[in-house]
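Take a look at the structure set out below.
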Amino acid sequence: MDWQAISLSLRLSTMTTGILILIGLPLAWWLASTRWRVKFLVEAVIALPLVLPPTVLGFYILVAIGTRSPLGQAYEAITGSRLPFSFQGLLLASVLYSMPFAVQPFAAALSTVDRRLMEASYCLGVGRLATFFRVTLPMAWPGILSGIVLSFAHTVGEFGVVLMIGGNLRGITRTISVSIYDQVEALDYAAATKTSLLMLIFSFIVLAITYALQRKPVQVWMTR
Amino acid sequence: MDDALALGFTKAFPGGPEISADLEIDTRSPRVTVLFGPSGTGKTTLLRIIAGLESPTTGFVRYRQETWADIARGIHISPQQRRVGFLFQDYALFPHLSVERNIAYGLHSSPRAEAARCVQGLLERFQLQGLAKRYPAQLSGGQKQRVALARTLALEPRVLLLDEPLSALDGPTREAVRGDLSGWLHTLGIPILIVTHDRTEALALGDDMAVMDEGRILQHGPVDEIFRQPANQSVAQVVGVETVVAGHLLEVADGMAKVVVGQTLLSASSDSLPRDQSAVFVCIRAEDVILVKGDEFAQASPRNRMPSVVKALIREGPMFRIHLDCGFPLSALLTRQACDELELKPGDSIIAMVKAPNVHLVPRDVRRSAKADSTETLE
């Protein structure tokens with residue numbers, strides 16, 4: 001079993017999910033509450049990874065972070081290293097690639113929260129940010145949790161974008177899915193079977209836990 | 001007035017009607033003011049603007065010396081800073097918090113012991129002791145309302161706003177809660193504004209009333225005065241004086257007026273009638289119409305005795321509404337028992353009696369009332 005690839009995948013997924021919570025929640029909150037007329041454009045951009053082939057997305061990201069691009073040059077000037085075929089580049093690509101899996105459930109969950117609850121909170125002297133954490137977030141929690149799990153699971157399972165951006169560097173960009181691909185290429189079916197089965201069990205457990213969590217803590221007030 | 005909650009604003013909605021409010025409420029002698037009018041006339045919007053949840057399009061909201069909103073000066077004080085209590089129509093309790101945590105919600109900056117004492121006091125005051133650990137989904141409508149009221153009062157608001165406080169309750173509960181609510185509200189000692197479209201609710205809860213229709217406040221004054229002397233025809237229609245017919249004033253003598261409606265001559269009190277005004281609306285409440293069969297009451301005291309024909313009987317709960325023709329359409333409200341005793345049926349001839357003080361005259365074609373000082377008619 002390629003434990004190095006497994007650990008890399010878990011590290012990549014955890015960091016991607018963390019970043020998506022940090023930028024996805026404010027973005028989703030903005031999408032759920034704005035009355036801006038052209039917000040559909042922002043929504044369409046966020047949803048692009050859902051329909052684009054990973055190779056297309058990967059290609060554009062590669063161009064955008066390449067050494068000839070302003071972004072790539074700026075990154076190199078600041079850190080001294082390059083983004084393509086590095087863990088950091090892979091992380092950036094994963095964040096973009098998994099963005100809709102976080103932002104869409106987040107926004108859907110946040111928009112279902114009754115505005116009057118927030119207004120009641122404002123009238124009780126509680127500020128907007130505190131209201132978000134004390135009312136909006138707890139009320140939207142099942143949907144937020146779905147977004148977190150989906151983006152984590154989606155990052156664990158990504159393949160095409162990883163190959164385009166990260167290539168197949170052992171310990172740096174070789175994730176579990178690339179590792180399975182390698183094993184099959186090398187006709188090492190026994191290893192591929194083991195790793196695939198592990199992925200299957202892992203995915204099932206994660207999803208089962210998600211659905212279980214969604215039901216339990218909120219049951220008291222969901223059964224109206 | 002320096003001690004008033006003063007409203008002078010308009011609110012426009014894209015493609016919708018404009019709401020305009022011009023109202024002063026004295027905050028020194030706290031009274032319950034009912035904002036009364038049909039649904040969709042902007043009553044709730046008015047409350048939301050007072051609370052700071054919405055901004056007016058033009059104008060101002062002032063509380064004593066403080067300016068809460070002034071569009072011309074670019075002032076908008078946030079709801080958090082206004083300390084206005086807002087009771088939402090369906091109470092807006094936080095479903096994920098227990099009763100006691102709902103009540104304590106706004107007390108996050110108070111010392112813990114003090115907050116706990118405050119919550120305990122409110123639980124007792126609103127008879128919620130046994131329910132402290134329950135969640136809103138486990139409460140009845142009346143209990144939810146008490147929790148919402150307690151939660152609002154925990155912050156000692158300076159003004160209390162209630163949006164249709166009884167509409168979320170079912171019939172029998174509503175009647176029971178109405179009495180309790182009226183009792184609580186009158187002990188608070190702060191100005192209270194209640195939005196309702198229910199006449200019984202307005203009469204039961206309000207000291208004063210502001211009648212709203214089509215985005216405007218038509219009249220503002222003590223509740224009974226408005227029901228007895230609507231300032232104009234619109235107010236009469238909104239508050240539900242059942243019979244409103246056009247008439248002509250013939251003469252005024254000794255505080256009594258003679259009006260003619262079609263062929264019928266009526267006596268009315270003339271205390272709110274302007275001079276030089278012969279066109280009037282005659283308003284008669286259905287409760288004030290007495291029906292008599294035969295001639296045995298020829299010596300009765302009511303000045304107005306009109307031979308009528310019964311047109312229709314319509315059941316309204318325990319009452320019957322009788323549509324009559326006495327030269328003009330007249331509506332009467334009778335108990336079922338009275339109806340049975342009179343053996344009323346459509347086509348019957350009957351005498352309808354109305355005491356002169358119960359015939360109210362409202363100037364016609366004039367939008368401003370005679371008692372302009374006590375009303376807030378907007379042009």
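Each chain gets a letter, A, B and so on, in the order the sequences are listed, and its residues count up from 1. FYI, side chains are in, hydrogens and waters are out, and symmetry mates aren't considered; it's all heavy atoms of this structure.
Counted within 6.0 Å of CD on B:Glu156, heavy atoms from surrounding residues, nucleotides or ligands total 12 or fewer; the atom is thus considered open. Atom CZ of A:Phe59 is surrounded by 12 or fewer heavy atoms from other residues, nucleotides or ligands within 6.0 Å. The environment of CZ in A:Phe202 is crowded: more than 12 heavy-atom neighbours from other residues, nucleotides or ligands sit within 6.0 Å. A:Tyr60 OH: 12 or fewer foreign heavy atoms inside a 6.0 Å radius.
Of the possible polar contacts, one joining the A:Arg134 side chain to the B:Tyr105 backbone as a donor-acceptor pair under 3.5 Å is found.
With a threshold of 4.5 angstrom between heavy atoms, B:Arg83 does not approach chain A through any atom at all. Neither the backbone nor the side chain of B:Leu87 comes within less than 4.5 Å of any heavy atom of chain A.
Smallest separation of non-hydrogen atoms from A:Met139 and B:Pro95: CE-CG, 3.3 Å. When every heavy atom of A:Pro138 is checked against every heavy atom of B:His96, the shortest pair comes out as CB-CD2, 3.5 Å. Minimum heavy-atom separation, A:Leu117 to B:Phe94: O-CE2, 3.2 Å. A pairwise comparison of heavy atoms in A:Arg116 and B:Ala92 identifies O-CB, 4.0 Å as the closest pair.
Of the listed residues A:Ala130, A:Gly127, A:Ser121, the one with more heavy-atom pairs under 4.5 angstrom with chain B than any other is A:Ser121. Between chain A and the residues B:Leu155, B:Leu93, B:Leu107, the largest count of heavy-atom pairs under 4.5 Å involves B:Leu155.
If you take CG on A:Leu124 and OG1 on B:Thr152, they are separated by 6.0 Å, rounding to the nearest 0.5 Å. To the nearest 0.5 Å, atom CD of residue B:Gln80 and atom OG1 of residue A:Thr131 are 6.5 Å apart.
B:Phe88 places a side-chain heavy atom less than 4.5 Å from the side chain of A:Glu119.
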